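Notes follow once the structure below has been shown.
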Amino acid sequence: MKEILLCKYGELILKGLNKGYFEKLLRRELENRLKSAGNFKVSCAQGTIYVEPLDENADIDEALALARKVFGIVSVSRAAEVEKDLESILKSAKEYIPPFLSGYRTFKADARRSDKRFPMTSPQISGEVGAAVLEAVPKIKVDLYHPDVVVMTEIRENAAYIHAGAFKGAGGMPLGSNGKALLLLSGGIDSPVAGYMMAKRGVSVDALHFESYPYTSEQARDKVLELARLVSFYSGKMNVNVISLTHIQEALRDGCDEEYFTLLLRRSMMRLAERVCDRIGAQAIITGESLGQVASQTMAALNVTDAAANRPVFRPCIGMDKEEIISVAREIGTFETSILPYEDCCTVFTPRHPKTRPELEKVLLQEAKLDLAALEDEAFDSLNTFVSDAYAS
Ligand code: ATP
Ligand code: MG
């Protein structure tokens with residue numbers, strides 16, 4: 001008996017003409033990621049992606065775990081592939097399915113027949129399979145309305161497939177289907193979550209991290225690279241650009257009114273981010289800001305920050321409470337790293353009383369006191385690029 005994975009994709013089926021393109025992106029992403037699990041063939045038919053092991057060493061458990069992290073896939077079932085005849089189907093209902101039912105009290109058998117040449121209707125197939133399961137697992141009961149688990153038989157073009165339930169996939173849209181954006185990645189909790197959320201919408205994400213050596217340490221940078229690696233379990237390989245803000249921060253500390261320090265710093269970050277976007281071909285900037293969380297995240301402060309940028313700034317955490325952001329961070333595995341206590345460039349020289357209702361004209365007057373253009377040129381020249389890739393062998 002051959003075991004395979006059936007990966008179902010959700011909202012992109014609706015996309016009509018783009019369907020082929022989305023399938024290609026998904027197939028490519030799966031092929032890349034499954035390499036570490038062994039030899040698999042990935043193919044598409046009838047709204048499903050088939051992942052077939054090609055030899056003994058292909059690790060199907062590992063492949064299942066990997067496939068569940070691919071954006072665009074809503075569910076993954078582990079299924080037996082059998083001949084399209086009732087006898088083979090019932091044999092696997094009795095032999096392959098029972099271990100998957102352990103711990104469940106009730107089940108329902110269901111069937112779908114996309115090959116209409118098969119001589120039985122779906123209700124007939126379900127009836128036969130249900131009876132076979134009951135025979136093999138006498139303790140389980142049938143519940144047609146609220147079953148704990150569904151035993152599904154799918155009669156498809158090339159074969160029949162039988163499985164007991166599906167694992168939830170990562171959802172969202174295939175990576176690369178929605179352009180490319182630059183994530184401002186700090187060592188905090190929010191920005192890795194923001195990067196994950198935009199990658200989930202199919203955006204290819206590269207990162208930009210600002211450091212302020214010697215006020216920030218090498219460990220702080222390593223922590224950010226590790227966060228990028230953890231996000232890359234979902235987003236795929238992430239290039240992490242690192243820029244030094246040391247001289248800009250010193251100039252701001254010495255040359256502007258303290259209450260404007262953070263705002264001016266954030267505006268410099270935006271202008272530098274735009275230059276990085278131009279270099280890498282990114283169309284938008286992503287940040288982890290959440291409305292009202294700190295002084296620089298009031299609506300007035302965000303307006304002043306955005307006025308420095310000429311492209312959309314995506315803030316997927318904007319309407320989330322900290323607790324909600326933390327729960328996503330835990331789910332994607334970044335939380336424990338985010339809370340390691342290394343300083344961020346935003347936490348050095350922080351003003352005692354930051355402006356929460358800044359006015360743009362006053363901010364511009366502050367900026368005019370400094371030669372920020374030259375300092376930003378110098379900062380941009382410090383750009384270094386690292387690669388964080390959870391799938392690199
Ligand atoms: P986070 O938890 O993501 O650090 P935060 O609540 O600490 O967010 P801030 O420090 O004000 O908020 O930063 C707001 C956003 O600005 C961050 O979410 C991130 O997108 C960006 N940012 C802050 N510091 C840096 C940095 N050192 N490098 C790159 N981006 C940064
Ligand atoms: Mg921060």
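Being a predicted model, the structure only gives us computed values, none of them experimental. One-based numbering, in listed order, for ligands and for the atoms of each.
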- Task: Salt-bridge test for Glu259 and Lys362: reply yes if a basic N is under 4.0 Å from a carboxylate O, no otherwise.
- Result: no
- Message: Taking salt bridge (charged side-chain N to carboxylate O under 4.0 Å, His left out) as the cut-off, I'd like each qualifying pair that reaches into residues 124-140, sequence neighbours left out, listed once.
- Response: Lys94-Glu135
- Task: Answer yes or no for Arg266: is there a heavy-atom contact with ligand 1 below 4.0 Å?
- Result: yes
- Note on the structure: The answer for which part of Leu185 has a heavy atom under 4.0 Å from ligand 1 is backbone
- Message: Is there a polar contact, in the sense of an N or O pair closer than 3.5 Å, between Leu184 and ligand 1?
- Response: yes
- Message: Under a plain distance cut-off of 3.5 Å, with no hydrogens placed, do Gln249 and Ser212 share a side-chain donor-acceptor pair?
- Response: yes
- Query: Just heavy atoms, cut-off under 4.0 Å: does Leu208 contact ligand 1 by side chain, backbone, both, or neither?
  - Reply: backbone
- Message: Applying a heavy-atom cut-off of 4.0 Å, say which part of Asp344 lies close to ligand 1: side chain, backbone, both or neither.
- Response: side chain
- Can you tell me if CD on Glu83 sees more than 12 non-hydrogen neighbours from other groups inside 6.0 Å? no
- Run the numbers for me: atoms of ligand 1, each under 4.0 Å from some heavy atom of Ser191, listed by number. 1 (P), 3 (O), 18 (O), 19 (C), 20 (O)
- Query: Side chains of Ser191 and Ser186: is there a donor and an acceptor less than 3.5 Å apart?
  - Reply: yes
- Part of Ser296 with heavy atoms under 4.0 Å of ligand 1, whether side chain, backbone, both or neither: side chain
- Query: Quick one: which of Gln293, Glu289, Gln297, His209 has a heavy atom closest to atom 12 (O) of ligand 1?
  - Reply: Gln297
- Is the number of heavy atoms from other residues, nucleotides or ligands under 6.0 Å of Glu157 CD greater than 12? yes
- Message: Tell me whether Phe210 has any N or O atom under 3.5 angstrom from an N or O of ligand 1.
- Response: yes
- Item | Aromatic ring proximity Tyr196/Phe233, centre distance under 6.0 Å | no
- Atom indices of ligand 1 within 4.0 angstrom of Gly288 heavy atoms, with elements: 17 (C), 18 (O), 20 (O)
- Should Ile189 be counted as touching ligand 1, given the test is an N or O pair under 3.5 Å? yes
- Message: Distance under 4.0 Å to a non-hydrogen atom of Gly188: what atoms of ligand 1 satisfy this?
- Response: 1 (P), 2 (O), 4 (O)
- Message: I'd like to check whether Ser186 has a polar contact with ligand 1, where a contact means an N/O of the residue lying under 3.5 Å from an N/O of the ligand.
- Response: yes
- Quick one: list whatever passes ring-ring contact (aromatic ring centres under 6.0 Å, His included) with Tyr96, sequence neighbours left out. Phe100
- Numbered in order shown, the ligand 1 atoms found under 4.0 Å of a heavy atom of Thr287 are 20 (O)
- Message: Under a 4.0 Å threshold between the charged nitrogen and the carboxylate oxygen, would Asp344 count as salt-bridged to Lys223?
- Response: no
- Message: Polar contacts were defined as any N/O atom of the residue lying under 3.5 Å from an N/O atom of the ligand; does this apply to Met269 and ligand 1?
- Response: no
- Message: One thing to verify: whether Lys19 and Glu23 come together as a salt bridge, which I'm taking to mean a side-chain N less than 4.0 angstrom from a carboxylate O.
- Response: yes
